[in-house]
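The structure under discussion appears below in the form of C-alpha coordinates.
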Amino acid sequence: MLDFDLNAQRGSFHLQVKCRFVSGWTVIFGHSGAGKSTLLRLLAGLHAKAPGNTLQGRVELDGNVLTDTANRLLLQPGRRRMALVSQHPSLFPHLSVEANVAYGLSAMDRHTRAKRVTEMLELADAMDLVNRRPQNLSGGQAQRVALARALAPAPRLLLLDEPFSALDGTASDALVDRLQIWLRSNNVQTVIATHDATDAFATGAEVALLREGRLAAFGPAEHVLKEERERIVHRLRPS
Amino acid sequence: MDWQAFALTLRLATTTTAILLVVAVPLAAVLVLGRSRWLPLVEALAALPLVLPPTVLGFFLLVLLGPRTPIGRGITALLGHPLAFSFTGLVVGSVIYSLPFAVQPLVAGFAAVGPELVDAARLLGASSTRVVFSLLVPLARRSLITAAVLSFLHTVGEFGVVLMLGGDIPGATRTLSIVLYNQVENFDYAAANHTAAILLALSVTALAAIYMNGQMRGGRRA
(Lines give C-alpha, C1' and ligand atoms only; values in the text may rest on other atoms or scores of the structure.)
Protein backbone atom coordinates (compact mmCIF):
# COMPACT_ATOMS: atom_id res chain seq x y z
CA MET A 1 0.00 0.00 0.00
CA LEU A 2 1.34 3.41 -1.01
CA ASP A 3 0.23 6.33 1.11
CA PHE A 4 1.42 9.85 0.39
CA ASP A 5 0.73 13.49 1.09
CA LEU A 6 3.06 15.76 -0.87
CA ASN A 7 3.33 19.49 -1.33
CA ALA A 8 6.14 20.50 -3.68
CA GLN A 9 7.24 23.53 -5.62
CA ARG A 10 9.29 23.10 -8.80
CA GLY A 11 10.10 26.57 -10.07
CA SER A 12 6.68 27.97 -11.06
CA PHE A 13 4.94 24.56 -10.86
CA HIS A 14 3.14 23.63 -7.66
CA LEU A 15 2.12 20.06 -6.86
CA GLN A 16 -0.16 19.18 -3.97
CA VAL A 17 -1.43 15.62 -3.90
CA LYS A 18 -2.69 13.38 -1.11
CA CYS A 19 -3.78 9.85 -1.89
CA ARG A 20 -3.60 6.19 -0.92
CA PHE A 21 -2.98 3.54 -3.60
CA VAL A 22 -4.14 0.14 -2.40
CA SER A 23 -4.65 -1.67 -5.69
CA GLY A 24 -1.79 -3.66 -7.26
CA TRP A 25 -2.00 -1.60 -10.46
CA THR A 26 -2.84 2.12 -10.33
CA VAL A 27 -2.85 4.52 -13.26
CA ILE A 28 -2.04 8.21 -12.83
CA PHE A 29 -3.76 9.85 -15.75
CA GLY A 30 -3.19 13.44 -16.78
CA HIS A 31 -2.38 15.56 -19.76
CA SER A 32 1.10 16.90 -20.42
CA GLY A 33 2.24 19.21 -17.61
CA ALA A 34 -0.25 17.83 -15.06
CA GLY A 35 2.62 16.79 -12.76
CA LYS A 36 2.69 13.02 -13.34
CA SER A 37 6.47 12.74 -13.76
CA THR A 38 7.12 15.14 -10.88
CA LEU A 39 4.90 13.05 -8.60
CA LEU A 40 6.63 9.79 -9.58
CA ARG A 41 10.08 11.31 -9.02
CA LEU A 42 9.10 12.61 -5.59
CA LEU A 43 7.70 9.21 -4.64
CA ALA A 44 11.01 7.67 -5.75
CA GLY A 45 12.97 10.09 -3.58
CA LEU A 46 14.47 12.04 -6.48
CA HIS A 47 14.01 15.48 -4.99
CA ALA A 48 16.41 17.89 -6.67
CA LYS A 49 17.49 20.54 -4.21
CA ALA A 50 17.72 23.71 -6.23
CA PRO A 51 16.67 27.35 -5.83
CA GLY A 52 12.89 27.48 -6.16
CA ASN A 53 12.40 23.79 -5.34
CA THR A 54 10.72 22.90 -2.07
CA LEU A 55 9.24 19.69 -0.70
CA GLN A 56 6.99 19.04 2.25
CA GLY A 57 5.08 15.93 3.12
CA ARG A 58 5.21 12.25 3.77
CA VAL A 59 5.45 9.02 1.77
CA GLU A 60 4.78 5.58 3.23
CA LEU A 61 5.08 2.20 1.53
CA ASP A 62 3.54 -0.76 3.35
CA GLY A 63 3.74 1.17 6.61
CA ASN A 64 7.42 2.08 6.17
CA VAL A 65 8.04 5.82 6.21
CA LEU A 66 10.23 6.79 3.24
CA THR A 67 9.76 10.56 3.29
CA ASP A 68 8.80 12.66 6.27
CA THR A 69 9.97 16.22 5.84
CA ALA A 70 8.63 17.22 9.27
CA ASN A 71 11.25 14.89 10.74
CA ARG A 72 13.84 15.65 8.03
CA LEU A 73 13.61 12.13 6.65
CA LEU A 74 14.24 11.60 2.95
CA LEU A 75 15.34 8.02 2.43
CA GLN A 76 17.85 7.56 -0.42
CA PRO A 77 16.26 6.40 -3.71
CA GLY A 78 18.20 3.13 -3.65
CA ARG A 79 16.91 2.25 -0.17
CA ARG A 80 13.20 2.68 -0.92
CA ARG A 81 12.71 -0.64 -2.72
CA MET A 82 11.20 1.32 -5.59
CA ALA A 83 11.99 1.20 -9.29
CA LEU A 84 11.28 3.95 -11.80
CA VAL A 85 11.17 3.42 -15.55
CA SER A 86 10.65 6.57 -17.55
CA GLN A 87 9.89 7.33 -21.16
CA HIS A 88 13.61 7.83 -21.75
CA PRO A 89 15.21 4.52 -20.75
CA SER A 90 18.48 6.07 -19.43
CA LEU A 91 20.55 2.96 -20.04
CA PHE A 92 24.23 3.29 -19.17
CA PRO A 93 25.82 3.77 -22.61
CA HIS A 94 29.23 2.29 -21.72
CA LEU A 95 27.77 -1.01 -20.47
CA SER A 96 26.26 -3.94 -22.36
CA VAL A 97 22.60 -4.84 -21.93
CA GLU A 98 23.65 -7.65 -19.59
CA ALA A 99 25.78 -5.31 -17.45
CA ASN A 100 22.97 -2.73 -17.38
CA VAL A 101 20.51 -5.27 -16.01
CA ALA A 102 23.10 -6.56 -13.52
CA TYR A 103 23.98 -3.05 -12.26
CA GLY A 104 21.58 -3.14 -9.31
CA LEU A 105 22.58 -6.66 -8.31
CA SER A 106 26.10 -6.04 -7.01
CA ALA A 107 25.27 -7.60 -3.64
CA MET A 108 24.48 -10.98 -5.28
CA ASP A 109 27.06 -13.67 -6.04
CA ARG A 110 27.94 -14.14 -9.70
CA HIS A 111 25.80 -17.24 -10.28
CA THR A 112 22.63 -15.79 -8.71
CA ARG A 113 23.20 -12.54 -10.53
CA ALA A 114 23.52 -14.23 -13.94
CA LYS A 115 20.35 -16.25 -13.26
CA ARG A 116 18.43 -13.14 -12.26
CA VAL A 117 19.61 -11.21 -15.35
CA THR A 118 18.44 -14.04 -17.61
CA GLU A 119 15.09 -14.20 -15.83
CA MET A 120 14.52 -10.46 -16.21
CA LEU A 121 15.59 -10.34 -19.86
CA GLU A 122 13.25 -13.23 -20.65
CA LEU A 123 10.39 -11.43 -18.90
CA ALA A 124 11.06 -8.30 -20.99
CA ASP A 125 11.51 -10.42 -24.15
CA ALA A 126 15.03 -9.02 -24.53
CA MET A 127 17.17 -12.15 -24.24
CA ASP A 128 18.45 -11.74 -27.80
CA LEU A 129 19.88 -8.31 -26.89
CA VAL A 130 22.09 -9.49 -24.02
CA ASN A 131 25.47 -8.57 -25.56
CA ARG A 132 24.39 -5.40 -27.33
CA ARG A 133 25.23 -1.86 -26.33
CA PRO A 134 22.41 0.64 -25.66
CA GLN A 135 23.37 2.72 -28.71
CA ASN A 136 22.57 -0.30 -30.90
CA LEU A 137 19.04 -0.70 -29.57
CA SER A 138 15.78 0.69 -30.95
CA GLY A 139 13.62 2.84 -28.66
CA GLY A 140 11.31 -0.10 -27.89
CA GLN A 141 14.20 -2.49 -27.21
CA ALA A 142 15.82 0.05 -24.88
CA GLN A 143 12.55 0.45 -22.94
CA ARG A 144 12.28 -3.32 -22.50
CA VAL A 145 15.87 -3.49 -21.21
CA ALA A 146 15.20 -0.56 -18.84
CA LEU A 147 12.21 -2.46 -17.49
CA ALA A 148 14.32 -5.61 -16.96
CA ARG A 149 16.99 -3.53 -15.18
CA ALA A 150 14.45 -1.84 -12.91
CA LEU A 151 12.81 -5.12 -11.89
CA ALA A 152 16.05 -7.05 -11.32
CA PRO A 153 16.67 -5.86 -7.70
CA ALA A 154 13.14 -7.05 -6.75
CA PRO A 155 11.48 -3.71 -5.94
CA ARG A 156 8.36 -3.56 -3.82
CA LEU A 157 6.91 -0.74 -5.92
CA LEU A 158 7.30 -0.20 -9.67
CA LEU A 159 6.79 3.33 -11.00
CA LEU A 160 6.29 3.50 -14.76
CA ASP A 161 6.35 6.90 -16.48
CA GLU A 162 4.92 6.40 -19.99
CA PRO A 163 7.28 3.44 -20.40
CA PHE A 164 5.62 1.80 -23.39
CA SER A 165 5.50 4.85 -25.65
CA ALA A 166 8.17 3.49 -28.03
CA LEU A 167 6.58 0.03 -28.34
CA ASP A 168 4.09 -0.71 -31.10
CA GLY A 169 0.57 -1.63 -30.00
CA THR A 170 0.80 -5.44 -30.24
CA ALA A 171 4.21 -5.64 -28.57
CA SER A 172 3.08 -3.27 -25.85
CA ASP A 173 -0.13 -5.24 -25.13
CA ALA A 174 1.75 -8.55 -24.97
CA LEU A 175 4.41 -7.07 -22.66
CA VAL A 176 1.84 -5.45 -20.36
CA ASP A 177 -0.13 -8.73 -20.11
CA ARG A 178 3.02 -10.72 -19.27
CA LEU A 179 4.24 -8.03 -16.89
CA GLN A 180 0.95 -7.82 -15.00
CA ILE A 181 0.97 -11.57 -14.36
CA TRP A 182 4.60 -11.48 -13.19
CA LEU A 183 4.10 -8.42 -10.98
CA ARG A 184 1.01 -9.92 -9.37
CA SER A 185 2.73 -13.22 -8.67
CA ASN A 186 5.75 -11.40 -7.23
CA ASN A 187 3.61 -9.05 -5.16
CA VAL A 188 5.00 -5.86 -6.78
CA GLN A 189 2.66 -2.87 -6.57
CA THR A 190 2.68 -0.81 -9.77
CA VAL A 191 1.91 2.83 -10.48
CA ILE A 192 1.84 3.82 -14.13
CA ALA A 193 1.67 7.42 -15.35
CA THR A 194 0.13 7.99 -18.76
CA HIS A 195 -1.58 10.63 -20.84
CA ASP A 196 -3.25 7.94 -22.95
CA ALA A 197 -6.75 7.15 -21.67
CA THR A 198 -6.86 3.85 -23.59
CA ASP A 199 -3.98 2.59 -21.38
CA ALA A 200 -6.08 3.29 -18.31
CA PHE A 201 -9.14 1.52 -19.71
CA ALA A 202 -7.17 -1.43 -21.04
CA THR A 203 -5.69 -2.46 -17.70
CA GLY A 204 -8.91 -2.07 -15.70
CA ALA A 205 -7.05 -0.31 -12.92
CA GLU A 206 -7.96 2.29 -10.36
CA VAL A 207 -7.17 5.71 -11.79
CA ALA A 208 -5.89 8.91 -10.19
CA LEU A 209 -6.74 11.88 -12.40
CA LEU A 210 -4.17 14.65 -12.10
CA ARG A 211 -4.85 18.22 -13.25
CA GLU A 212 -2.37 21.07 -12.84
CA GLY A 213 -0.64 19.42 -9.93
CA ARG A 214 -3.85 18.51 -8.06
CA LEU A 215 -5.73 15.25 -7.67
CA ALA A 216 -8.98 15.89 -9.57
CA ALA A 217 -10.53 12.43 -9.09
CA PHE A 218 -9.65 8.94 -7.91
CA GLY A 219 -11.46 5.65 -8.43
CA PRO A 220 -12.37 3.07 -11.08
CA ALA A 221 -11.43 4.04 -14.64
CA GLU A 222 -15.03 4.02 -15.92
CA HIS A 223 -16.01 6.71 -13.37
CA VAL A 224 -12.88 8.83 -13.30
CA LEU A 225 -12.37 8.88 -17.05
CA LYS A 226 -16.01 9.14 -18.09
CA GLU A 227 -15.41 12.40 -19.94
CA GLU A 228 -12.31 11.00 -21.62
CA ARG A 229 -14.22 7.91 -22.74
CA GLU A 230 -17.01 10.00 -24.24
CA ARG A 231 -14.43 12.06 -26.05
CA ILE A 232 -12.74 8.93 -27.48
CA VAL A 233 -16.11 7.39 -28.50
CA HIS A 234 -17.15 10.69 -30.10
CA ARG A 235 -13.87 10.79 -32.03
CA LEU A 236 -14.35 7.23 -33.31
CA ARG A 237 -17.99 7.79 -34.31
CA PRO A 238 -18.41 8.36 -38.08
CA SER A 239 -19.48 11.94 -38.77
CA MET B 1 71.37 20.16 -21.97
CA ASP B 2 70.78 19.86 -18.19
CA TRP B 3 69.57 16.24 -18.02
CA GLN B 4 69.32 16.40 -14.23
CA ALA B 5 66.85 19.29 -14.48
CA PHE B 6 65.01 17.51 -17.30
CA ALA B 7 64.58 14.36 -15.17
CA LEU B 8 63.56 16.41 -12.13
CA THR B 9 60.97 18.30 -14.19
CA LEU B 10 59.46 15.05 -15.47
CA ARG B 11 59.47 13.56 -11.96
CA LEU B 12 57.79 16.67 -10.54
CA ALA B 13 55.16 16.76 -13.31
CA THR B 14 54.41 13.02 -13.03
CA THR B 15 54.11 13.08 -9.23
CA THR B 16 51.96 16.23 -9.31
CA THR B 17 49.67 14.79 -12.00
CA ALA B 18 49.19 11.53 -10.10
CA ILE B 19 48.33 13.36 -6.86
CA LEU B 20 46.09 15.81 -8.69
CA LEU B 21 44.02 13.05 -10.27
CA VAL B 22 43.51 11.41 -6.88
CA VAL B 23 42.45 14.76 -5.40
CA ALA B 24 40.56 16.22 -8.38
CA VAL B 25 38.24 13.28 -9.19
CA PRO B 26 36.44 13.32 -5.81
CA LEU B 27 36.56 17.12 -5.65
CA ALA B 28 35.00 17.49 -9.12
CA ALA B 29 32.40 14.84 -8.23
CA VAL B 30 31.43 16.75 -5.09
CA LEU B 31 31.17 19.98 -7.09
CA VAL B 32 28.89 18.32 -9.66
CA LEU B 33 26.80 16.03 -7.44
CA GLY B 34 26.91 17.91 -4.14
CA ARG B 35 24.08 20.03 -2.80
CA SER B 36 25.83 22.11 -0.14
CA ARG B 37 25.37 25.87 -0.18
CA TRP B 38 29.13 26.21 0.37
CA LEU B 39 30.03 24.59 -2.96
CA PRO B 40 30.41 27.89 -4.87
CA LEU B 41 33.02 28.91 -2.29
CA VAL B 42 34.87 25.59 -2.70
CA GLU B 43 34.73 26.00 -6.49
CA ALA B 44 36.08 29.55 -6.21
CA LEU B 45 38.96 28.39 -3.99
CA ALA B 46 39.78 25.55 -6.41
CA ALA B 47 39.84 28.04 -9.30
CA LEU B 48 41.85 30.70 -7.42
CA PRO B 49 45.29 29.66 -8.79
CA LEU B 50 44.00 30.55 -12.28
CA VAL B 51 43.90 34.25 -11.45
CA LEU B 52 46.43 34.49 -8.62
CA PRO B 53 49.92 35.53 -9.79
CA PRO B 54 52.23 32.49 -9.33
CA THR B 55 54.71 34.56 -7.34
CA VAL B 56 51.95 35.58 -4.90
CA LEU B 57 50.91 31.94 -4.46
CA GLY B 58 54.56 30.93 -4.06
CA PHE B 59 55.10 33.66 -1.45
CA PHE B 60 52.02 32.61 0.57
CA LEU B 61 53.14 28.98 0.50
CA LEU B 62 56.68 29.95 1.45
CA VAL B 63 55.37 31.82 4.50
CA LEU B 64 52.79 29.15 5.37
CA LEU B 65 55.26 26.28 5.15
CA GLY B 66 58.10 28.22 6.78
CA PRO B 67 59.25 28.05 10.42
CA ARG B 68 57.11 31.04 11.54
CA THR B 69 53.74 29.27 11.31
CA PRO B 70 52.43 26.34 13.40
CA ILE B 71 51.78 24.40 10.15
CA GLY B 72 55.35 24.93 8.98
CA ARG B 73 56.78 24.00 12.39
CA GLY B 74 54.56 20.89 12.52
CA ILE B 75 55.71 19.75 9.07
CA THR B 76 59.35 20.39 9.97
CA ALA B 77 58.94 18.35 13.15
CA LEU B 78 57.27 15.57 11.15
CA LEU B 79 59.70 15.41 8.21
CA GLY B 80 62.86 16.55 9.97
CA HIS B 81 63.30 19.37 7.45
CA PRO B 82 61.19 22.31 6.21
CA LEU B 83 59.07 21.81 3.12
CA ALA B 84 60.31 24.99 1.51
CA PHE B 85 63.36 24.53 -0.75
CA SER B 86 62.75 20.77 -1.08
CA PHE B 87 61.30 18.55 -3.82
CA THR B 88 58.34 17.66 -1.57
CA GLY B 89 57.63 21.36 -1.10
CA LEU B 90 57.66 21.82 -4.87
CA VAL B 91 55.14 18.99 -5.24
CA VAL B 92 52.83 20.64 -2.68
CA GLY B 93 53.10 23.99 -4.49
CA SER B 94 52.58 22.39 -7.91
CA VAL B 95 49.50 20.48 -6.76
CA ILE B 96 47.90 23.69 -5.49
CA TYR B 97 49.00 25.73 -8.49
CA SER B 98 47.76 23.20 -11.08
CA LEU B 99 44.56 22.22 -9.23
CA PRO B 100 42.16 24.13 -11.51
CA PHE B 101 43.72 22.54 -14.59
CA ALA B 102 42.71 19.13 -13.25
CA VAL B 103 39.41 20.07 -11.63
CA GLN B 104 37.82 22.16 -14.36
CA PRO B 105 37.94 19.61 -17.23
CA LEU B 106 36.64 16.96 -14.83
CA VAL B 107 33.78 19.18 -13.66
CA ALA B 108 32.86 19.84 -17.31
CA GLY B 109 33.08 16.12 -18.14
CA PHE B 110 31.09 14.95 -15.10
CA ALA B 111 28.43 17.63 -15.63
CA ALA B 112 28.01 16.44 -19.22
CA VAL B 113 26.92 13.00 -17.98
CA GLY B 114 23.13 13.20 -17.98
CA PRO B 115 21.52 13.61 -14.53
CA GLU B 116 18.98 10.96 -15.58
CA LEU B 117 21.82 8.40 -15.66
CA VAL B 118 22.91 9.41 -12.16
CA ASP B 119 19.30 9.12 -10.97
CA ALA B 120 19.01 5.67 -12.59
CA ALA B 121 22.17 4.50 -10.79
CA ARG B 122 20.94 5.87 -7.46
CA LEU B 123 17.58 4.17 -7.88
CA LEU B 124 19.47 0.93 -8.42
CA GLY B 125 21.15 1.41 -5.05
CA ALA B 126 24.51 2.82 -6.14
CA SER B 127 26.41 4.78 -3.49
CA SER B 128 27.95 8.14 -4.41
CA THR B 129 31.37 6.47 -4.72
CA ARG B 130 29.96 3.85 -7.08
CA VAL B 131 28.19 6.55 -9.13
CA VAL B 132 31.55 8.32 -9.54
CA PHE B 133 33.67 5.29 -10.43
CA SER B 134 31.16 3.19 -12.38
CA LEU B 135 29.47 6.03 -14.23
CA LEU B 136 31.09 9.47 -14.17
CA VAL B 137 34.73 8.42 -14.61
CA PRO B 138 34.17 5.94 -17.49
CA LEU B 139 31.78 8.30 -19.28
CA ALA B 140 34.11 11.29 -18.82
CA ARG B 141 37.38 9.49 -19.62
CA ARG B 142 38.29 12.05 -22.25
CA SER B 143 38.03 14.75 -19.62
CA LEU B 144 40.22 12.63 -17.36
CA ILE B 145 42.89 12.44 -20.08
CA THR B 146 42.58 16.20 -20.70
CA ALA B 147 42.92 16.89 -16.96
CA ALA B 148 46.02 14.68 -16.73
CA VAL B 149 47.75 16.24 -19.75
CA LEU B 150 46.95 19.83 -18.76
CA SER B 151 48.14 19.23 -15.18
CA PHE B 152 51.36 17.66 -16.47
CA LEU B 153 52.06 20.48 -18.93
CA HIS B 154 51.19 23.21 -16.49
CA THR B 155 53.59 21.73 -13.95
CA VAL B 156 56.34 21.36 -16.55
CA GLY B 157 56.05 25.04 -17.44
CA GLU B 158 55.62 26.57 -13.99
CA PHE B 159 58.18 29.10 -12.90
CA GLY B 160 56.98 31.60 -10.30
CA VAL B 161 55.89 29.10 -7.67
CA VAL B 162 59.01 26.98 -8.23
CA LEU B 163 61.35 29.93 -7.84
CA MET B 164 59.58 31.30 -4.74
CA LEU B 165 59.09 28.01 -2.95
CA GLY B 166 61.99 25.91 -4.22
CA GLY B 167 64.69 28.35 -5.18
CA ASP B 168 67.38 26.94 -7.47
CA ILE B 169 68.92 23.84 -5.92
CA PRO B 170 70.43 21.44 -8.51
CA GLY B 171 68.89 17.97 -8.25
CA ALA B 172 66.27 19.10 -5.73
CA THR B 173 64.34 22.11 -7.06
CA ARG B 174 66.04 23.20 -10.28
CA THR B 175 63.53 22.51 -13.06
CA LEU B 176 63.83 23.23 -16.79
CA SER B 177 62.06 26.59 -16.39
CA ILE B 178 64.67 27.68 -13.85
CA VAL B 179 67.46 26.42 -16.12
CA LEU B 180 66.01 28.47 -18.97
CA TYR B 181 65.83 31.56 -16.76
CA ASN B 182 69.46 31.07 -15.68
CA GLN B 183 70.61 30.61 -19.30
CA VAL B 184 68.89 33.82 -20.39
CA GLU B 185 70.32 35.70 -17.43
CA ASN B 186 73.79 34.51 -18.45
CA PHE B 187 73.18 35.56 -22.11
CA ASP B 188 73.61 31.91 -23.18
CA TYR B 189 70.94 32.13 -25.89
CA ALA B 190 72.05 28.98 -27.71
CA ALA B 191 71.49 26.85 -24.63
CA ALA B 192 68.30 28.79 -23.82
CA ASN B 193 66.99 28.07 -27.33
CA HIS B 194 67.67 24.39 -26.79
CA THR B 195 65.89 24.31 -23.42
CA ALA B 196 62.94 26.33 -24.72
CA ALA B 197 62.65 24.01 -27.74
CA ILE B 198 62.39 21.00 -25.42
CA LEU B 199 59.64 22.67 -23.35
CA LEU B 200 57.83 23.66 -26.54
CA ALA B 201 58.09 20.14 -28.00
CA LEU B 202 56.71 18.63 -24.79
CA SER B 203 53.73 20.99 -24.87
CA VAL B 204 52.95 20.56 -28.57
CA THR B 205 53.21 16.75 -28.38
CA ALA B 206 50.94 16.51 -25.37
CA LEU B 207 48.35 18.95 -26.72
CA ALA B 208 48.35 17.18 -30.10
CA ALA B 209 47.71 13.92 -28.23
CA ILE B 210 44.66 15.49 -26.52
CA TYR B 211 43.18 16.79 -29.77
CA MET B 212 43.90 13.54 -31.64
CA ASN B 213 42.21 11.64 -28.82
CA GLY B 214 39.19 13.93 -29.21
CA GLN B 215 39.11 13.55 -32.99
CA MET B 216 39.40 9.75 -32.87
CA ARG B 217 36.39 9.63 -30.59
CA GLY B 218 34.44 11.76 -33.03
CA GLY B 219 33.87 14.90 -30.98
CA ARG B 220 35.47 17.99 -29.63
CA ARG B 221 33.86 18.13 -26.23
CA ALA B 222 36.18 18.47 -23.23
Side-chain angles (χ1 to χ4, degrees), chain A residues 37 40-51 53 55 66 74-95 99-108 113 116 120 134-135 142 145-155 157-161, chain B residues 25 28-44 105-147 213-214 216-222:
Chain A
S37 301
L40 292 194
R41 287 179 60 80
L42 292 174
L43 291 173
L46 296 170
H47 167 59
K49 281 185 188 166
N53 285 4
L55 172 66
L66 309 179
L74 187 67
L75 206 63
Q76 300 259 329
R79 295 178 61 198
R80 293 181 167 235
R81 295 201 61 199
M82 286 188 187
L84 172 64
V85 182
S86 61
Q87 194 173 0
H88 306 290
S90 305
L91 297 176
F92 305 133
H94 59 303
L95 301 178
N100 262 281
V101 178
Y103 190 89
L105 308 175
S106 54
M108 288 182 181
R113 190 164 57 223
R116 183 76 177 165
M120 291 301 106
Q135 48 272 42
V145 174
L147 190 62
R149 183 179 69 175
L151 289 174
L157 179 74
L158 175 63
L159 303 167
L160 300 170
D161 189 3
Chain B
V25 166
V30 167
L31 290 174
V32 172
L33 300 177
R35 297 277 177 259
S36 167
R37 71 177 81 168
W38 300 106
L39 285 180
L41 181 67
V42 177
E43 197 163 11
L106 286 173
V107 166
F110 290 173
V113 175
E116 68 283 357
L117 294 182
V118 175
D119 286 345
R122 283 186 165 149
L123 277 161
L124 291 165
S127 62
S128 296
T129 309
R130 188 164 179 229
V131 167
V132 173
F133 290 102
S134 71
L135 209 62
L136 299 188
V137 169
L139 288 175
R141 58 187 181 279
R142 276 175 54 199
S143 300
L144 197 72
I145 294 169
T146 304
N213 176 53
M216 276 190 293
R217 291 179 192 279
R220 300 187 71 85
R221 214 178 59 188

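Under the side-chain contact (heavy atoms from CB on, under 4.5 Å) test applied with Pro93(A), the options Val113(B), Leu135(B), Leu139(B) reduce to a single match, Leu139(B).
Across every non-hydrogen atom of Leu124(B) and Pro153(A), the tightest pair is CD2-CG, 3.9 Å. In terms of heavy-atom proximity, Ser90(A) sits nearest to Leu117(B) at O-CD2, 3.4 Å.
Within a 6.0 Å sphere centred on CZ of Arg37(B), other residues, nucleotides and ligands contribute 12 heavy atoms or fewer.
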**OP:** Evaluate the side-chain contact (heavy atoms from CB on, under 4.5 Å) criterion for residues Ser127(B) and Gln76(A): first the C-alpha distance (whole Å), next the side-chain angles of each, then the deciding distance (0.1 Å), finally the verdict.
**Re:** CA-CA 10 Å; Ser127(B) 62; Gln76(A) 300 259 329; over 6 Å; no
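Using a 4.5 Å heavy-atom threshold, the side chains of Arg80(A) and Leu123(B) count as separate.
From Gln87(A), atom CD reaches atom CD of Glu116(B) across 12.5 Å, with rounding to the nearest 0.5 Å.
Without hydrogens or angle criteria, His94(A) side chain to Ser134(B) main chain gives a donor-acceptor distance under 3.5 Å.
At a 4.5 Å heavy-atom cutoff, the contact between Arg149(A) and chain B is made by backbone and side-chain atoms alike. Proximity to chain B is limited to the backbone of Leu91(A), based on heavy atoms less than 4.5 angstrom apart.
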